[in-house]
Amino acid sequence: MTDFETRFLEARKAYIASRFPNLNSMQLQAVLATEGPLLILAGAGSGKTTVLIHRVFNLLKYGRASDSDLLPTGADEAMLQEILDRGPMADEYAALYPVAPWHVLAITFTNKAAGELKNRLGAMLGEQAADVWACTFHSACVRMLRRDADRLGFTADFTIYDTSDSLSLIKHILKDFELDEKYYIPRAVLNEISHLKGESHWPDEVLAEARAGGDRHRIKVAEIYKEYMHRLTLSDSMDFDDLLLYTVTLLDEHEDVRLYWQNRFPYILIDEYQDTNPLQYRFSELLAGGRKNICVVGDDDQSIYKFRGATIENILTFENHYPSCRTIRLEQNYRSTGHILEAANAVIRNNTSRKGKELWTQHEEGELIELTIADNEHDEAQIVASVMMANYGRGENWKDHAVLYRKNAQSNSLEYALKRHGIPYRIVGGTRFFDRAEVKDILSYMCVVSAPTDDLRLERIINVPARGIGNKSVQTALEIAHDQNVSLFEIVSHADQYEELTRSAPRMRLFANLIRDLKAFAEVNPPDALFDEIIEKTGYIRALEEKNTAEDTGRIENVREVKTSILTYIKESGDSTLSGFLANVALYTDLDNYDSEQDAVTLMTMHSSKGLEFPHVFLIGMEETMFPSMQAIGEPEEMEEERRLCYVAITRAMKTLHLLAARQRMIFGRTSSNRVSRFVDEIPEEHIKKNAPKSYGYWESSRFSAYSEPRPKSSHSFQTAASPTGSSIRPAAAKKDVSPVPVPTFALGDNVKHKAFGEGVIVKMTPMGNDSLIEISFQSVGNKKLMLRAAAQYMVKI
DNA sequence: CGCACCACAATTTTT
DNA sequence: TTGTGGTGCG
């Protein structure tokens, strides 16, 4: 290499590096290493997404320049000088084969992460960003499959089964096979099938092996698996795992397809690599092809999805699979305080089989982690509410608080406490909006219109709203369909040809015509119009209106909300095909709806919290059998996964971390008590402050009750607090701004009667934001502090 | 055929 | 405690 060349390359690299002044040296390395396999071990809060964004930026702007010895054609002293001077022309001379945006594929696990990636890319790159494929494994697969579905025996409009669809299909099959759900638990069978698919095992192979082995249970599961696949194929449907399984098949067996996608994506980035399963590994391997420009980002310590087939091996052995791989560790944490980070490090250190990473930070030690032992789960929730109110009083936002728990069921007591105090909250997870029965009904109509061969969904709606086609008739029709190996719709359309069906034949014919009309309608109209047509022609909403119960009003709202989501989809994606919308629905999760702008406390499982961060985090239920969970105790591997989950949970916290445990707790109506979680013991004492029991069990006695200034604050959107009994529909998914709560007309000194607490007098009012904190002295229950807006709904002046 | 009630079961995490 | 599924009655 000539002296000029060396000088040129050095100058070029230095120039490009200078374009990323905000990155630390490790981050910079990760951004500049564009060529060949790259493993980025990114600790929690180490600026992983930032690296990803800048990496894409570097690729699009400078191509391979930062990682290549190639000189641009005609490189001369003038160019070198330009780069050394870093003048406005430098960009042009520094670039080497800039990558076109559509040549970059960035895979994430959640739509939310993909969305965030897109947004941040958009902010940095402008319009170009739109052409980068930033999506989840599943949506990437859908897009690939739509193109070549016919090669696999599907139509381009194949539908996607979500988990509950799959589950009911399994139940049907169990019934047909006359297997007892007690021994073949549908959920478990589905899990087994999912794991088999995750390791690329097809039914025939599994069945053969099971038969050779002779284990009855395994044989039955294999048979169920085979039948399950068969019926999915008949319905022109795929489940979540199929999306990957078939895409891998497609890439594996069709060289032209494989080459097409390999050429399409010379640069591949995969986020959360520790959560990939073997099938996803194969997918990325096939795409990376010979070029091997594959960059994976992950953290073995944050692998928490082993239960659904993810294998840590993928990340642990990446270096073996790709011998030329470079590995970069990002260990500087920009998120948490010293105490929090030390606690996380201390906990995770107890795991074996790690790549080994120690997070460090330049931040201060910060506040001590607080551990509080509550009397029971209500007390626990109460304490959480109290601390949050105190923080709010000091000027913190509700949205800066998150409560994390091991399992969804734990949210109940919290919801109750937050509701009573009028603290706005939002639950992530639990029942998805699209899982509500009425919503599924409407979507099932749309699915059937899209694919009438979809027996499962057809069965769901054939008599909804009631149109006189009883279950008996449907089952008979299903049997006939089965015998003839055709779809249910086929039989229903010609019901009058079968004696067994003569009674309901006229109604079946009517129904078949309805579907046919709707299908014809859908061919020339967009999905939102189809929605209207379905509502109109089926009388779905009318049927609900006639019942006219309180619950049905909510259901009607949910049904209407479906239209909003259709319109949103069309607007955001620019796609107005029915199958596009339906696929989007199936791949949608609650987290996607998570809008961090709304000022509300976040409640979610530790699992869903991965990738997020909050200034103030509360971990509740820190007791043995809750966390670590019952089934992990005594299972070393499971225990390690629980510990990683704990690590994830702790590292969500930026400024303060509260750990809570309850002395006793109701579990299936029975009280039980367990000692504090081992994970708490694993945190060195110097990072923890243990609150004496009862020290602030109730709001009033708290040293946190230091309220200060009322603070100027723009509008809050408050949740509609549902009925005080708590028998509410979860306010989780439907994103709607609730009608403004009328300005409460209570004043200091008023005598009031509260639904839950009885009579009392307002002794204190402190304006806070556009709400007020009021203190009421109740006759029977003593003093209570409440948020006025929420309390006003349960209170009258007397 | 549709609805209501009762008994029973099951409790982890989710793309 | 909640939800689901089955049964029995109108």
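Order of the sequence lines sets the chain letters (A, B, ...), proteins ahead of strands, with each chain counted from 1.
Protein atom CD1 of A/I633 is 14 Å distant from nucleotide atom P of B/dT12, rounded to whole Å. Look at CG on A/L279: it is 13 Å from C1' on B/dT15, rounded to the nearest Å. Rounded to whole angstrom, the span from the CZ atom of A/R187 across to the P atom of B/dA9 amounts to 20 Å. Put simply, CD on A/E642 is 9 Å from C1' on B/dT13, counting in whole angstrom units. Taking atom NE2 of residue A/H195 and atom C1' of nucleotide B/dT15, one finds them 13 Å apart after rounding to whole Å. In this structure, the CE atom of A/M606 is 11 Å from the C1' atom of B/dT13, given to the nearest Å. Atom P of nucleotide B/dT15 and atom CD1 of A/I107 are separated by 16 Å, given to the nearest angstrom. Residue A/L174 contributes atom CG, which lies 17 Å from atom P of C/dT4 at whole-angstrom precision.
Regarding contacts with the backbone of B/dT12, every side-chain N or O of A/T605 stays at 4.0 angstrom or more from both OP1 and OP2. Phosphate contact (OP1/OP2 of B/dC1, side-chain N/O of A/S473, threshold under 4.0 Å): present. The phosphate of B/dT15 (OP1 or OP2) has no side-chain N or O of A/K112 nearer than 4.0 angstrom. OP1 and OP2 of B/dG2 both lie 4.0 Å or more from every side-chain N or O belonging to A/N471. Contact check, A/N408 against B/dT13: a side-chain N or O comes under 4.0 Å of OP1 or OP2.
Among the protein residues, A/F137 comes within range of no part of the nucleic acid, since none of its heavy atoms lies under 4.0 Å from any strand. At a threshold of 4.0 angstrom between heavy atoms, the contacts of A/S139 with the nucleic acid are absent. Contact annotation for A/K171: backbone-only contact, meaning every heavy-atom pair under 4.0 Å involves sugar-phosphate atoms and none involves a base. No contact: A/D241 has no heavy atom under 4.0 Å from any strand. Contact annotation for A/F240: base contact, defined as any heavy-atom pair under 4.0 Å involving a base atom.
Residue A/R354 places its CZ atom among more than 12 non-hydrogen atoms of other residues, nucleotides or ligands, all under 6.0 Å distant. The environment of A/F177 atom CZ is dense: over 12 non-hydrogen atoms of other residues, nucleotides or ligands sit within 6.0 angstrom.
Interatomic distance, A/E459 CD to A/S444 OG, rounded to the nearest 0.5 Å: 11.0 Å.
Residue A/R503 is the one, among A/R503 and A/S629, whose nearest nucleotide of DNA chain B lies closer to the 5' end (criterion: closest heavy atom). Each of A/A466 and A/T108 has a nearest nucleotide on DNA chain B; the 5'-most of these lies closest to A/A466.
With C/dT1, B/dT15, B/dC1 as the candidates, the nucleotide lying closest to the side chain of A/M666 is C/dT1. Of the candidates B/dT14, B/dT15, B/dT12, the closest approach to any side-chain atom of A/T163 belongs to B/dT15. Minimum atom distance to the side chain of A/N463 is reached by B/dG2, of the listed B/dT13, B/dT15, B/dG2.
Under the 4.0 Å criterion applied to side-chain N and carboxylate O atoms, A/K440 and A/D165 are assigned as salt-bridge partners. In summary, A/E624 and A/R678 engage in a salt bridge, as defined by a charged side-chain N under 4.0 Å from a carboxylate O. Between A/R643 and A/E682, at least one side-chain nitrogen of the basic residue sits less than 4.0 Å from a carboxylate oxygen of the acidic one, meeting the salt-bridge criterion.
In this structure, the aromatic ring of A/F307 is positioned over the six-membered ring of the base of B/dT13, centres within 5.5 Å and planes within 30°.
No N or O donor and acceptor, one from the side chain of A/R308 and one from the base of B/dT15, sit under 3.5 Å apart.
For the P atoms, the distance from B/dT13 to C/dT4 is 14 Å, rounded to whole Å.
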